Asks: 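I have a structure here, written as structure tokens, and I will follow up with some questions on it.
Everything numeric in this text was worked out from a predicted model, so none of it was measured.
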Amino acid sequence: MGRSSINIDVILDADRVPEQISWNATDTTAEAARKAKAMMLAFWDGAEKTALRIDLWTKDMMVDEMADFFYQTFMTMAETYHRATQDPALTSDMKQFAKDFYNKFREQQLKSNKA
């Protein structure tokens with residue numbers, strides 16, 4: 001049986017706000033740790049029937065980057081859901097939600113930039 005590890009390092013400021021996030025994995029070709037401005041990590045606890053999550057982002061994560069991150073995460077979640085369930089209708093609904101979310105964000109940005 002094989003084993004793989006993912007290591008996440010978070011550098012915090014004095015107020016425990018993330019300043020830097022980096023990660024590496026044993027099953028990657030990358031030699032150095034990769035930097036990230038945000039992360040979402042979720043585990044499913046089958047016994048408790050609850051999702052356990054860690055959501056972190058650095059001080060320099062911009063709002064537009066967060067919207068991109070969420071849009072891409074929603075789309076990836078839809079694909080994962082489809083692979084797991086083979087349910088094209090709900091997959092399509094999830095992708096449409098992601099598109100609507102992103103379009104609404106962009107509309108808000110345009111309005112606030114005009115003000």
Side-chain angles (χ1 to χ4, degrees):
M1 184 182 301
R3 182 182 196 119
S4 181
S5 295
I6 299 171
N7 301 300
I8 301 167
D9 290 308
V10 180
I11 296 174
L12 305 172
D13 68 8
D15 296 319
R16 302 190 51 80
V17 175
E19 286 189 342
Q20 182 178 329
I21 300 168
S22 60
W23 66 277
N24 63 9
T26 55
D27 288 346
T28 184
T29 58
E31 293 184 22
R34 298 184 63 172
K35 292 186 186 223
K37 285 188 173 183
M39 63 170 269
M40 291 183 204
L41 181 62
F43 297 96
W44 178 250
D45 183 331
E48 297 292 325
K49 303 284 188 213
T50 59
L52 309 169
R53 295 186 2 238
I54 300 171
D55 303 320
L56 296 174
W57 57 94
T58 61
K59 294 184 215 181
D60 62 343
M61 181 78 166
M62 307 303 321
V63 172
D64 62 324
E65 290 177 303
M66 187 63 85
D68 289 338
F69 182 43
F70 268 75
Y71 169 74
Q72 291 180 30
T73 300
F74 291 147
M75 294 298 275
T76 302
M77 288 171 59
E79 287 298 323
T80 301
Y81 184 80
H82 186 262
R83 283 195 315 273
T85 66
Q86 299 301 306
D87 185 331
L90 285 179
T91 299
S92 178
D93 288 349
M94 292 172 72
K95 287 183 175 184
Q96 188 59 54
F97 170 80
K99 291 173 188 174
D100 292 344
F101 164 85
Y102 194 70
N103 288 334
K104 286 179 183 178
F105 168 77
R106 292 186 65 179
E107 288 172 12
Q108 288 176 349
Q109 289 297 100
L110 286 173
K111 285 180 186 174
S112 67
N113 287 341
K114 288 181 181 178

Asks: Begin with the C-alpha distance, continue with both residues' side-chain angles, and end with the deciding distance and a verdict on side-chain contact (heavy atoms from CB on, under 4.5 Å) for T85 and L90.
Replies: CA-CA 9 Å; T85 66; L90 285 179; over 6 Å; no
Asks: Show, in sequence, the C-alpha distance, side-chain angles and deciding distance for V17 and K59, and conclude whether the side-chain contact (heavy atoms from CB on, under 4.5 Å) test is met.
Replies: CA-CA 7 Å; V17 175; K59 294 184 215 181; 3.7 Å; yes
Asks: Do I21 and M40 belong to the same hydrophobic cluster, where Ile, Leu, Val, Met, Phe, Trp and Tyr are linked whenever their side-chain heavy atoms lie under 4.5 Å apart, directly or via other members?
Replies: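 Each belongs to a different hydrophobic cluster.
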Asks: Between the side chain of D45 and the main-chain N/O of A47, is any donor-acceptor distance below 3.5 Å?
Replies: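 Checking the backbone N and O of A47 against the side chain of D45, a donor-acceptor pair under 3.5 Å is found.
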Asks: Hydrophobic clustering (ILVMFWY, side-chain heavy atoms < 4.5 Å, transitive) - are F43 and L56 grouped together?
Replies: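 Yes, same cluster.
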Asks: Does a sphere of radius 6.0 Å around NZ in K49 hold more than 12 heavy atoms from other residues, nucleotides or ligands, not counting ones at 6.0 Å or beyond?
Replies: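 Not buried by this count: 12 neighbours or fewer within 6.0 Å.
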Asks: What distance separates K35 NZ from Q20 CD, expressed to the nearest 0.5 Å?
Replies: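 The CD atom of Q20 is 3.5 Å from NZ of K35, to the nearest 0.5 Å.
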Asks: Donor-acceptor pair, S92 side chain versus P88 backbone, under 3.5 Å?
Replies: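 Judged by distance alone, no pair lies under 3.5 Å.
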Asks: Evaluate the side-chain contact (heavy atoms from CB on, under 4.5 Å) criterion for residues Y81 and M94: first the C-alpha distance (whole Å), next the side-chain angles of each, then the deciding distance (0.1 Å), finally the verdict.
Replies: CA-CA 9 Å; Y81 184 80; M94 292 172 72; 4.0 Å; yes
Asks: Tell me whether M62 shares a hydrophobic cluster with M39, the cluster being built from Ile, Leu, Val, Met, Phe, Trp, Tyr side chains joined at under 4.5 Å.
Replies: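 No; tracing contacts between hydrophobic side chains, which count when under 4.5 Å, never links both residues.
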Asks: Could you check whether atom CG of L41 has more than 12 heavy atoms from other residues, nucleotides or ligands sitting under 6.0 Å from it?
Replies: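 More than 12 heavy atoms, drawn from other residues, nucleotides or ligands, come within 6.0 Å of this atom.
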Asks: Starting at CG of L52, measure out to CH2 of W44 and round the result to the nearest 0.5 Å.
Replies: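 Answer for the CG-CH2 pair, L52 versus W44, is 9.0 Å.
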Asks: Tell me whether M66 shares a hydrophobic cluster with F97, the cluster being built from Ile, Leu, Val, Met, Phe, Trp, Tyr side chains joined at under 4.5 Å.
Replies: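 Yes, it is one cluster - the side chains of M66 and F97 are joined through contacts under 4.5 Å.
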Asks: Under 3.5 Å, side chain of E79 to main-chain N/O of M75, donor-acceptor pair present?
Replies: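 No; judged by distance alone, with no hydrogens or angles, the pair does not exist.
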Asks: Tell me whether the count of non-hydrogen atoms from other residues, nucleotides or ligands lying under 6.0 Å of CE in M61 goes above 12.
Replies: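 Counting neighbours around CE of M61, more than 12 heavy atoms of other residues, nucleotides or ligands fall under 6.0 Å, so yes.
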Asks: What's the spacing between I6 CD1 and W23 CH2 if we round to 0.5 Å?
Replies: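 So the gap between those two atoms works out to 7.0 Å.
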Asks: Check whether the side chains of S4 and D27 place a donor and an acceptor atom closer than 3.5 Å, and report yes or no.
Replies: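 Note: S4 and D27 side chains meet the donor-acceptor criterion.
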Asks: How many angstroms lie between CG in L110 and CZ in F105, if you round to the nearest 0.5 Å?
Replies: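 Rounded to the nearest 0.5 Å, the CG-CZ separation comes to 9.5 Å.
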Asks: Rounded to the nearest 0.5 Å, what separation is found between the OG atom of S22 and the CG atom of N7?
Replies: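 If we round to the nearest 0.5 Å, S22:OG and N7:CG are 9.5 Å apart.
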Asks: Using distance alone, with no hydrogens and no angle criterion, decide if D100 and Q96 have a side-chain donor and acceptor under 3.5 Å apart.
Replies: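 A pair is found: one side chain offers a donor N or O, the other an acceptor, under 3.5 Å apart.
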Asks: Quick test of your reading: applying side chain to side chain donor-acceptor pair (under 3.5 Å), list the pairs with at least one residue in residues 64-74, sequence neighbours left out, ordered by first then second residue.
Replies: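 Residue pairs passing side chain to side chain donor-acceptor pair (under 3.5 Å), neighbours aside: K37-E65, D68-Y102.
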Asks: Report yes or no: do F69 and I54 belong to one cluster of Ile/Leu/Val/Met/Phe/Trp/Tyr joined by side chain heavy-atom distances under 4.5 Å?
Replies: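 No, it is not one cluster - the side chains of F69 and I54 are not joined through contacts under 4.5 Å.
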Asks: Mind telling me whether F70 and F101 have parallel, tilted or perpendicular rings, with 30° and 60° as the class edges?
Replies: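 Judged by the thresholds at 30° and 60°, the geometry between F101 and F70 is tilted.
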Asks: Measure the NZ-OG1 distance between K95 and T76 for me, rounded to the nearest 0.5 Å.
Replies: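 Taking NZ in K95 and OG1 in T76, the distance rounds to 9.5 Å.
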